[in-house]
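Predicted model only: the values in this text are computed from it and were never measured.
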Amino acid sequence: MLKRMFPYMHKYRKYLWLSCFCVVAETVFELVIPLLMADIIDVGVANQDKTYILLQGSKMIACALLALILGVLYARFAATAGQGFGAELRKDEFRKVQEFSFANTDHFSTSSLITRLTSDVTILQTAISNGIRPFVRSPVMLLTALILTFTINKDLAIVFLIAIPILGLGLFLIIHKVGPLYRLMQASIDKVNTIVQENLIAIRVVKSYVRGTYEKAKFQKVNEQLRYASEKAFRTSVWNLPLFQVVMYTTILCILWFGGNMIFVGTMKVGELTGFLSYVLQILNSLMMISNVFLMLTRSLASCERIIEVLDEPLDIHDEAGADAYIEHGTIDFSHVYFKYKKDAEEYVLRDINLHIPAGSTIGILGGTGSAKTTLVQLIPRLYDVEDGIVSIDGRNVKAYPLQHLRDAIGMVLQKNTLFSGTIRENLLWGNAQADDEELDWACEVACVNEFLPNFPKGYESDLGQGGVNVSGGQKQRLCIARALLKHPKVLIFDDSTSAVDTATEAHIREGLAALKDTTKIIIAQRVTSVMHADQIIILEDGGIHAIGTHEELLAKDAIYQEIYTSQQEGAGFHLSLIHISEP
């Protein structure tokens, strides 16, 4: 699984290899020091040779300084490799998320994707930055020190052949148990992020309903779950330290016991035992580092699995079209279209939709809640793909158009208005990055943004705050409409996008849209007055087309339309018999 991560290190392989070289060289210099120390004791001190002691001492200092320099260089190269790897992985993961269709996004919660892009990637890049040293140093030190201990005294070195398997078995059992706990811990982080995100986004609703106590309790619950999962994972992993200490101290005691007896009988020198003990500590330290590496890899594997789930998510919508397909007019056709959100769902959300929308016409869509109005229009820019049937524009299947061109030719004001942190100008320029002030003024005039724009002292340069917190719901809708108009789209879709504006403002917007003769306009609405001027009105019911006609035709013969119209007119204080409808 970790092999999947290697390509993201491609640009930083040089730093990875340099850091590995520094670790190996540093380890070699550190391993030379005990040999020099043993010579000082057995030769210099035994013979009282000060010159020899100073010479060997100077070599020890030189080795220590070189090891220090190499350690600093390693830290620099490893940090570059780790942070670079993390940046490349985040970039690719974010790119994949941007390619997701709405159906792909539905497979993951927003908070989970955020965690996978941040926390999980950070765990992997930290494993590289902090793991190269023990990963490379430990095997080199272990093998070299073992060889040197056998060189000093092969009989005494046999103690390691007993200690190492015991430590390895204990480490295996710890890793086997802690792996699933790390995965549970990351899933718990997802839940905490979900609660925090929902609470912050809906903070005004929470306060207005005085639900702060409830939200605290809800957060406390998931926070305790995270605490429990984290404590259990770390409580299991810390068994590594006492296990290591028991093995280490037992090994040292055995070596001191047997080594002391060897010195007593004259088969070993004091300096050899001193050097041997130095290598013992290095061997045991390397084993400890290896165990920490395995624990780090275990946690990294849990994060790696979560990241690969995102990278391997099969895309529902593929862009396989040629570059020569362009939308010229905006004629839309639905031919026997069926759709459901999940392939294994028993019922279709849309059933046998047959519809012709001429270029430049205005189409209104009405229907009850859950009648799939929004789903219908989302099939046009391929936010979802049809399960069966064909959606075509200008006689060509929408799948034949490049995705970028298709969506750029369709202006869609979604049901949920979304503005971004930044100024009014920056948000409007999402529609057309090259738009000048003249175009901005035109779009704002059509969308009636110019009615409230003078209230902002800085005009287009006024900051909207995160998510547009500085404007009202109706102002958000008008800014989103202006943003869509700046695209100069061939198809313009309003998904209940004037629900928060008053009827007078809506009438002004409708008049402005009527001037766009070359743009096909599709308006989803709850109010009959929003669509009764349309060339055709479509009534959806339970995922199917119930009726199509003009306002007068539907008012004369369709019971559902009559019921909607009558109930809304009565609510406004009018009587159906007194209403005279005229086209604007």
Side-chain angles (χ1 to χ4, degrees), residues 2 5-6 8-41 44 52-88 122-152 157 160 164 240-241 244 248 271 274-297 299-300:
L2 290 175
M5 301 292 106
F6 290 164
Y8 300 104
M9 187 59 75
H10 180 72
K11 291 183 179 179
Y12 302 93
R13 283 186 302 177
K14 175 177 68 176
Y15 299 101
L16 181 65
W17 289 117
L18 283 172
S19 63
C20 292
F21 170 77
C22 289
V23 173
V24 173
E26 178 192 10
T27 305
V28 170
F29 283 118
E30 288 184 4
L31 288 170
V32 171
I33 292 175
L35 287 175
L36 295 173
M37 184 176 64
D39 287 342
I40 289 174
I41 295 172
Y52 186 83
I53 293 173
L54 291 173
L55 178 62
Q56 296 300 94
S58 300
K59 291 180 180 178
M60 288 178 64
I61 293 172
C63 288
L65 289 174
L66 287 172
L68 175 63
I69 294 170
L70 288 166
V72 172
L73 290 174
Y74 152 76
R76 180 175 180 178
F77 294 140
T80 302
Q83 298 303 317
F85 164 83
E88 292 297 317
T122 300
I123 288 171
L124 288 179
Q125 72 181 29
T126 302
I128 291 175
S129 298
N130 298 337
I132 294 175
R133 181 184 180 88
F135 185 78
V136 175
R137 176 188 176 89
S138 301
V140 174
M141 180 175 285
L142 177 63
L143 292 175
T144 308
L146 274 174
I147 293 171
L148 291 174
T149 53
F150 274 94
T151 302
I152 294 173
F160 294 117
I164 292 175
N240 181 49
L241 181 59
F244 164 75
M248 179 182 71
T274 303
F276 196 96
L277 285 172
S278 297
Y279 288 122
V280 168
L281 292 175
Q282 289 179 343
I283 289 171
L284 295 175
N285 185 46
S286 66
L287 290 173
M288 182 62 182
M289 287 192 292
I290 288 173
S291 66
N292 287 335
V293 167
F294 277 110
L295 288 173
M296 190 183 299
L297 287 176
R299 186 173 187 185
S300 298

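Contact record, Y74 with C22: CB-CB, 3.9 Å, taken as the closest heavy-atom pair. What you find for I132 and I128 is that their closest heavy atoms are CG1-O, 3.0 Å. Closest non-hydrogen pair, G82 versus S129, comes out as CA-OG, 3.4 Å.
Using a 4.5 Å cut-off on side-chain heavy atoms (C-beta onward), K59 and V32 make no contact. Residues E30 and C63 have side chains not in contact (no heavy-atom distance under 4.5 Å, counting atoms from C-beta outward).
Put simply, CG on N130 and CD on Q125 are 10.0 Å apart, with the number rounded to the nearest 0.5 Å. Rounded to the nearest 0.5 Å, atoms CG (L54) and CD1 (I40) are 9.0 Å apart. L65 CG to F29 CZ: the interatomic distance, rounded to the nearest 0.5 Å, is 11.0 Å. Rounding to the nearest 0.5 Å places CG of L73 at 10.0 Å from CZ of F21. The structure places CG of L18 at 11.5 Å from CG of L70, a figure rounded to the nearest 0.5 Å.
Within a 6.0 Å radius of OH in Y12, more than 12 heavy atoms belonging to other residues, nucleotides or ligands are found.
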Before giving the answer on side chain to side chain contact (heavy atoms under 4.5 Å, CB included), spell out for F85 and M5 the whole-Å C-alpha distance, their side-chain angles and the decisive distance to 0.1 Å.
CA-CA 9 Å; F85 164 83; M5 301 292 106; 3.9 Å; yes
Could you go step by step and tell me if I69 and E26 meet the side chain to side chain contact (heavy atoms under 4.5 Å, CB included) rule?
CA-CA 8 Å; I69 294 170; E26 178 192 10; over 6 Å; no
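Relative ring orientation between F77 and Y15 is described as tilted, the plane-to-plane angle lying within the 30° to 60° band.
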